[in-house]
Student: 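Sharing a structure below in structure tokens format, with a few things to ask.
Values below: all heavy atoms of this structure, side chains included; hydrogens, waters and symmetry mates excluded. Just so you know, ligand 1 is whichever comes first in the structure, and atom 1 is the first atom listed for that ligand.
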Amino acid sequence: MSRAAEVNDKYQLFNPQAYLQNNYTHPRANFDSEDCVVPWKLRCLASSFSAGEIHGQTLLDIGSGPTLYQVISACDFFKKIVMSDYLEVNREQLRKWLQREAGAFNWSPYVKYVCGLEGKSDCWEEKEQRLRETIKEVWHCDIMQPNPLHPRVLDPVDAISTTFCLESVCPDKESLERALGNITSLLKAGGFLLMIGALDQSYYLAGEARLSVVPVDEDYVKQIVVKSGYRICVFKTYNMPADLEIGVDDVRAVFYLQAQKI
Ligand code: U87
């Protein structure tokens, strides 16, 4: 069995509820403390969009998981957002929220926080409505495929976001660089890549699933992004504080990068 197939097998045990509990509730999602990891991620994304350079017709989010925090700021700058993930259980979670179904995760604290960053704290319901109107598709994707959206073919998009996907899915650095190339083939020249990822991590838990992660450091990430044909505009890192090392993974730090495809 190929390494990639082994990874896919492990992901069959991926539990979205446990995953959301581990990474998107207290203590990692504490909006009262500025130096908490989730508010940091939201501020990075908000600052990229408030600069006004990133906008267009379509943004594609690769490896969305059961989360949509990564496109809250983006929904005011694109007409269409396409979410995508390898697992039906994750795509189902996203559809539940989009269709206001019972059991959907409550993203309102995230939307309120982002509206606060934009100085529009009272209009979070409009933002949620806009998010539901802008997210038009939730598709299957497999970054190991030359066309990750196969069998669908999408015209090259204006921007791609991908958070904690490459290093959490690829069995090794060689396939990680190939997967970055596969994702890059979906992006217009001049288009922007917004990536969040884990540094020096080797595993994470999602219920019964224990997923292997390729440990990468800052220099390596910058090197492969430049090698894949990008100009890096922004690169920030966040060191995981001890009180957020809660035994769901061994991540040391998180990076945020904004890059433009040359
Ligand atoms: C997120 N984007 O939470 N092709 O940001 C495409 C695939 C494939 C494949 C599996 C990893 C989570 C990282 C979402 C989900 C990202 N998922 C899908 C996690 C653990 C540290 C850390 C985490 C989260 C798979 C938050 C924080 C930290 C998952 C997604 C990876 N590490 N996509 N071939 N195979 N996937 O279904 O949804 O990738 Cl703060 Cl520190």
Side-chain angles (χ1 to χ4, degrees), residues 2-30 35-42 44-45 60-72 83-94 105 107 110 138-150 160-171 175-176 178-180 182-183 186 194-207 209-216 237-241 244-256:
S2 74
R3 302 278 307 285
E6 274 171 37
V7 171
N8 297 346
D9 265 15
K10 283 194 182 160
Y11 265 101
Q12 297 318 313
L13 295 172
F14 186 97
N15 175 323
Q17 283 76 19
Y19 175 73
L20 289 164
Q21 180 66 32
N22 293 349
N23 295 290
Y24 296 102
T25 62
H26 205 277
R28 286 187 172 186
N30 172 3
D35 59 7
C36 183
V37 64
V38 164
W40 179 83
K41 296 193 287 183
L42 296 175
C44 288
L45 291 159
L60 168 64
D61 184 61
I62 293 272
S64 307
T67 74
L68 50 79
Y69 71 87
Q70 63 270 35
V71 297
I72 296 172
M83 307 295 282
S84 69
D85 196 74
Y86 183 75
L87 296 174
E88 174 54 24
V89 287
N90 286 333
R91 299 193 299 267
E92 188 50 37
Q93 275 297 317
L94 293 175
F105 186 77
W107 291 106
Y110 289 70
V138 180
W139 285 350
H140 173 273
C141 77
D142 181 353
I143 62 172
M144 311 311 273
Q145 304 304 318
N147 168 17
L149 300 174
H150 177 83
I160 287 179
S161 55
T162 185
T163 56
F164 298 108
C165 186
L166 286 167
E167 74 279 2
S168 303
V169 167
C170 300
S175 59
L176 191 153
R178 205 172 26 250
L180 178 56
N182 298 339
I183 291 172
L186 301 171
L194 301 173
M195 187 190 293
I196 294 176
L199 296 177
D200 303 320
Q201 182 180 2
S202 69
Y203 81 92
Y204 77 97
L205 306 176
R210 187 185 193 282
L211 296 309
S212 305
V213 176
V214 178
V216 296
T237 58
Y238 168 94
N239 293 320
M240 194 63 79
L244 295 185
E245 288 169 354
I246 53 180
V248 297
D249 56 39
D250 63 349
V251 63
R252 179 189 62 74
V254 174
F255 71 84
Y256 173 80

Student: Mind checking whether Asn90 has an N or O less than 3.5 Å away from an N or O of ligand 1?
Tutor: yes

Student: Is Gly63 close to ligand 1, meaning an N/O of one under 3.5 Å from an N/O of the other?
Tutor: yes

Student: Can you sort out which atoms of ligand 1 are near Leu87, meaning under 4.0 Å from one of its heavy atoms?
Tutor: 37 (O)

Student: Do Asn8 and Met144 have side-chain heavy atoms sitting under 4.5 Å apart?
Tutor: no

Student: Report, in ascending order of atom number, the atoms of ligand 1 lying under 4.0 Å from any heavy atom of Cys141.
Tutor: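 Answer for ligand 1: 4 (N), 6 (C).
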
Student: Under 4.0 Å from a heavy atom of Val251: give me the atoms of ligand 1 that qualify, with their elements.
Tutor: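 With Val251 as reference, the close atoms of ligand 1 come out as 41 (Cl).
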
Student: Report yes if some N/O of Asn23 lies less than 3.5 Å from some N/O of ligand 1; otherwise report no.
Tutor: no

Student: For ligand 1, which atoms sit closer than 4.0 Å to a heavy atom of Gln201?
Tutor: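 Near Gln201, the atoms of ligand 1 are 20 (C), 21 (C), 32 (N).
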
Student: Say whether Ile143, considering both its backbone and side-chain N or O atoms, lies within less than 3.5 Å of an N or O atom on ligand 1.
Tutor: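 In this structure, Ile143 places an N or O atom under 3.5 Å from an N or O of ligand 1.
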
Student: Looking at CG of Leu94 and CH2 of Trp107, how far apart are the two atoms once the value is rounded to the nearest 0.5 Å?
Tutor: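 So the gap between those two atoms works out to 8.5 Å.
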
Student: Taking 4.0 angstrom as the limit and counting only heavy atoms of Tyr69, give me the atoms of ligand 1 inside it, by number and element.
Tutor: 1 (C), 5 (O)

Student: Please list, in number order, the atoms of ligand 1 under 4.0 Å from a heavy atom of Met240.
Tutor: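 Result: 41 (Cl).
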
Student: Please lay out, stage by stage, how Asp61 and Ser161 fare under the test side-chain hydrogen bond (donor to acceptor under 3.5 Å, both in side chains).
Tutor: CA-CA 5 Å; Asp61 184 61; Ser161 55; 2.6 Å; yes

Student: By number and element, which atoms of ligand 1 are closer than 4.0 Å to a non-hydrogen atom of Cys165?
Tutor: 33 (N), 39 (O)

Student: State whether the shortest distance between N or O atoms of Tyr19 and N or O atoms of ligand 1 falls below 3.5 angstrom.
Tutor: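 It does: an N or O of Tyr19 is found under 3.5 Å from an N or O of ligand 1.
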
Student: Any nitrogen or oxygen of Ser168, main chain or side chain, under 3.5 Å from a nitrogen or oxygen of ligand 1?
Tutor: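 No; every N/O pair is 3.5 Å or more apart.
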
Student: Are Gln93 and Tyr19 close enough that some pair of their side-chain heavy atoms sits under 4.5 Å apart?
Tutor: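 Heavy-atom side-chain distance check fails, nothing below 4.5 Å.
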
Student: Can you tell me how far apart OG1 (Thr25) and CZ (Phe105) are? Round to the nearest 0.5 Å.
Tutor: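 Thr25 atom OG1 to Phe105 atom CZ measures 6.5 Å (nearest 0.5 Å).
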
Student: Between Ser175 (side chain) and Cys170 (backbone), is there a donor-acceptor pair under 3.5 Å?
Tutor: no

Student: Could you work out, with ring pair (Phe, Tyr, Trp, His ring centres under 6.0 Å) as the rule, every residue matching Tyr11, not counting sequence neighbours?
Tutor: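 Result, ring pair (Phe, Tyr, Trp, His ring centres under 6.0 Å) vs Tyr11: Phe14.
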
Student: Could you list the atoms of ligand 1 found under 4.0 angstrom from a heavy atom of Asp249?
Tutor: 21 (C)

Student: Quick one: which of Pro16, Ser64, Pro66 has a heavy atom closest to atom 14 (C) of ligand 1?
Tutor: Ser64

Student: A side-chain contact here means heavy atoms from C-beta on lying under 4.5 Å apart; do Pro171 and Glu6 qualify?
Tutor: no

Student: Looking only at distances, can you tell me whether any N or O atom of Tyr24, backbone or side chain, sits closer than 3.5 Å to an N or O atom of ligand 1?
Tutor: yes

Student: Asp142 versus ligand 1: do any nitrogen or oxygen atoms come within less than 3.5 Å of each other?
Tutor: yes

Student: Could you see which bit of Tyr204 sits under 4.0 Å from ligand 1, with heavy atoms only: side chain, backbone, both or neither?
Tutor: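 Only the side chain of Tyr204 comes within reach of ligand 1.
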
Student: Does a side-chain heavy-atom distance below 4.5 Å link Gln12 with Leu87?
Tutor: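 In short, these two side chains touch, coming nearer than 4.5 Å.
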
